[in-house]
Amino acid sequence: MSSVFITATGTDIGKTFVASKMLNEWREQGLNPHAVKPLMSGFGESDLAQSDAGQLLAAMGEKITPENVNRICMRRYEKPVAPNQAAREANQALDYDDILAFVNSRVLLAEGSPIIVEGAGGIMSPVTDNKLHLDLIYDLAMPAILVTANYLGSISHTLSALEVMSNKGIVLERVVVTKPTSEHGEAEALIEELQRWSDVTFEVA
Ligand SMILES: Nc1ncnc2c1ncn2[C@@H]1O[C@H](COP(=O)(O)OP(=O)(O)OP(=O)(O)O)[C@@H](O)[C@H]1O
Ligand SMILES: C[C@H](N)[C@H](N)CCCCCC(=O)O
Ligand SMILES: [Mg+2]
């Protein structure tokens with residue numbers, strides 16, 4: 001596996017958590033993994049260290065500087081909304097082909113080393129005004145990891161996500177179940193239920 005797209009059933013589910021864990025594991029194996037967060041929202045310039053791009057840079061063993069953030073993140077917005085909404089509010093054009101070109105250029109630069117692309121929000125969250133993350137994963141032709149967690153409603157959210165990904169022809173590597181807060185249920189209990197309805201591979205983060 002050289003590239004994988006990390007998506008989720010929604011936001012704040014654990015995509016960055018899972019990506020960071022994978023980057024750390026690969027580095028422990030002596031690999032030189034990369035990560036890309038093409039579109040990031042919800043962080044101001046003073047929060048770069050806590051931002052997704054900052055966390056991913058740290059997990060790659062790189063310094064968190066605005067220049068390094070720009071290398072892995074094409075656009076960042078302070079407003080915590082979907083990228084197309086944030087771009088609209090900032091009166092900025094956000095071109096879908098530019099996003100594809102940005103990610104593909106990072107994949108080429110990785111020269112076969114593992115590379116993770118993290119989406120913003122969930123599988124059906126918009127990227128631009130006429131493309132969803134579902135389209136982005138498809139157009140990048142990358143396999144995907146779906147991150148979910150045990151909360152009331154997550155059975156339906158997870159099975160819906162799996163259904164749209166399957167219908168689109170996206171190759172699913174596995175579903176990773178996280179525990180974002182102590183309010184969330186145990187991952188194993190969600191997996192036990194999901195296994196009745198789906199034969200994909202599940203993993204606890
Ligand atoms: N298995 C886990 N154990 C402990 N904390 C977790 C786990 N999974 C996720 N978290 C925590 O849940 C919170 C949300 O996770 P994270 O930031 O990775 O979500 P996200 O899906 O990347 O969100 P976004 O849509 O903003 O990119 C973080 O505080 C993270 O540390
Ligand atoms: C701010 C947040 N953490 C993410 N960066 C953006 C989430 C957008 C979700 C849009 C939606 O699906 O309703
Ligand atoms: Mg994230």
Side-chain angles (χ1 to χ4, degrees), residues 4-25 33-60 64 69 72-90 92 94 96 99 103 115-137 144-151 153-154 156-158 160-161 164-165 173-191 194 202-205:
V4 68
F5 197 107
I6 301 207
T7 186
T9 52
T11 188
D12 278 337
I13 292 289
K15 296 182 301 293
T16 309
F17 181 89
V18 170
S20 302
K21 194 173 162 212
M22 289 170 64
L23 292 167
N24 283 317
E25 284 167 4
H34 300 264
V36 191
K37 174 86 183 184
L39 305 166
M40 180 164 83
S41 60
F43 296 99
E45 287 309 292
S46 58
D47 313 319
L48 286 188
Q50 294 79 46
S51 74
D52 289 30
Q55 291 183 53
L56 295 173
L57 283 168
M60 287 159 66
I64 305 166
V69 169
I72 69 165
C73 178
M74 188 183 102
R75 287 286 172 76
R76 52 184 197 258
Y77 304 99
E78 195 155 346
K79 195 143 183 157
V81 293
N84 66 323
Q85 298 175 308
R88 214 183 299 137
E89 298 219 11
Q92 266 184 19
L94 183 58
Y96 185 69
I99 303 165
V103 175
I115 179 160
I116 291 173
V117 183
E118 183 189 334
I123 184 75
M124 298 298 277
S125 296
V127 172
T128 59
D129 285 344
N130 57 1
K131 296 284 182 180
L132 302 169
H133 275 79
L134 183 73
D135 302 307
L136 181 63
I137 302 171
I145 289 175
L146 177 72
V147 181
T148 186
N150 187 351
Y151 57 90
S154 66
S156 179
H157 290 171
T158 310
S160 300
V164 292
M165 290 168 82
E173 277 203 358
R174 60 188 182 278
V175 173
V176 180
V177 186
T178 61
K179 195 171 188 312
T181 68
S182 56
E183 304 292 303
H184 285 81
E186 293 307 317
E188 291 82 356
L190 177 65
I191 292 173
L194 289 172
F202 294 98
E203 181 187 301
V204 177

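Owing to the predicted nature of the structure, the values given are computational and were not obtained by experimental measurement. These values consider heavy atoms only, across backbone and side chains, with no hydrogens, waters or symmetry-generated copies. Numbering of ligands and ligand atoms starts at 1, following listing order.
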Fill in: Parallel, tilted or perpendicular: ring planes of H157 versus Y151, cut at 30 and 60 degrees
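Tilted, since the angle between the ring planes falls between 30° and 60°.
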
Discussion item. Checking one value in my table: which N/O/S atom of E118 lies closest to the Mg ion (ligand 3)?
Written reply: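 The nearest such atom is OE2.
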
Worksheet item: In D52, the N, O or S atom nearest to the Mg ion (ligand 3) is which?
Response: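 The closest N, O or S atom of D52 to the Mg ion (ligand 3) is OD2.
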
Discussion item. I'd like to know if the Mg ion (ligand 3) has an N/O/S atom from T16 within less than 2.8 Å of it, counting both backbone and side-chain atoms.
Written reply: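 So T16 counts as coordinating the Mg ion (ligand 3), yes.
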
Worksheet item: Is the distance from the Mg ion (ligand 3) to some N, O or S atom of D12 under 2.8 Å?
Response: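 False for D12.
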
Worksheet item: Does a side chain donor of either H184 or T181 reach within less than 3.5 Å of an acceptor in the other side chain?
Response: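 Yes.
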
Discussion item. Return the OG to CD1 distance between S20 and I116, rounded to the nearest 0.5 Å.
Written reply: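 S20 OG to I116 CD1: 8.0 Å, rounded to 0.5 Å.
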
Worksheet entry | OG1 on T16 to CE on M40, rounded to 0.5 Å |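 Between M40 CE and T16 OG1, I get 9.5 Å after rounding to 0.5 Å.
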
State, yes or no, whether a side-chain contact exists between [X] and [Y] at a heavy-atom distance under 4.5 Å.
X	Y	value
L23	H34	no
M165	T7	yes
V117	V4	no

Fill in: Under 4.0 Å from ligand 1 - residues by heavy atom, chain and number
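Residues T11, D12, I13, G14, K15, T16, F17, K37, D52, E118, G121, T178, K179, P180, A205 each place a heavy atom under 4.0 Å from ligand 1, listed by chain and number.
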
Worksheet item: Is K15 paired with D52 through a side-chain N to carboxylate O contact shorter than 4.0 Å?
Response: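 Salt bridge flag = no for K15 with D52.
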
What are the polar N/O contacts of ligand 2 with the protein below 3.5 Å, with distances?
{"unit_1": "ligand 2", "atom_1": "3 (N)", "unit_2": "T11", "atom_2": "OG1", "d": "3.1"}
{"unit_1": "ligand 2", "atom_1": "5 (N)", "unit_2": "S41", "atom_2": "O", "d": "3.3"}
{"unit_1": "ligand 2", "atom_1": "5 (N)", "unit_2": "S41", "atom_2": "OG", "d": "3.0"}
{"unit_1": "ligand 2", "atom_1": "12 (O)", "unit_2": "S125", "atom_2": "OG", "d": "2.7"}

Discussion item. Check whether E118 reaches the backbone of A19 with its side chain - one donor and one acceptor, N or O, closer than 3.5 Å.
Written reply: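 No: the side chain of E118 does not pair with the backbone of A19.
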
Worksheet item: For A59 and N24, which heavy atoms make the closest approach, and how far apart are they?
Response: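 Scanning both residues completely, I find the closest heavy atoms to be O-OD1, 3.8 Å.
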
Fill in: Qualifying residue for side-chain contact (heavy atoms from CB on, under 4.5 Å) with V175, from I191, T148, I145
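One option only clears the test, and that one is T148.
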
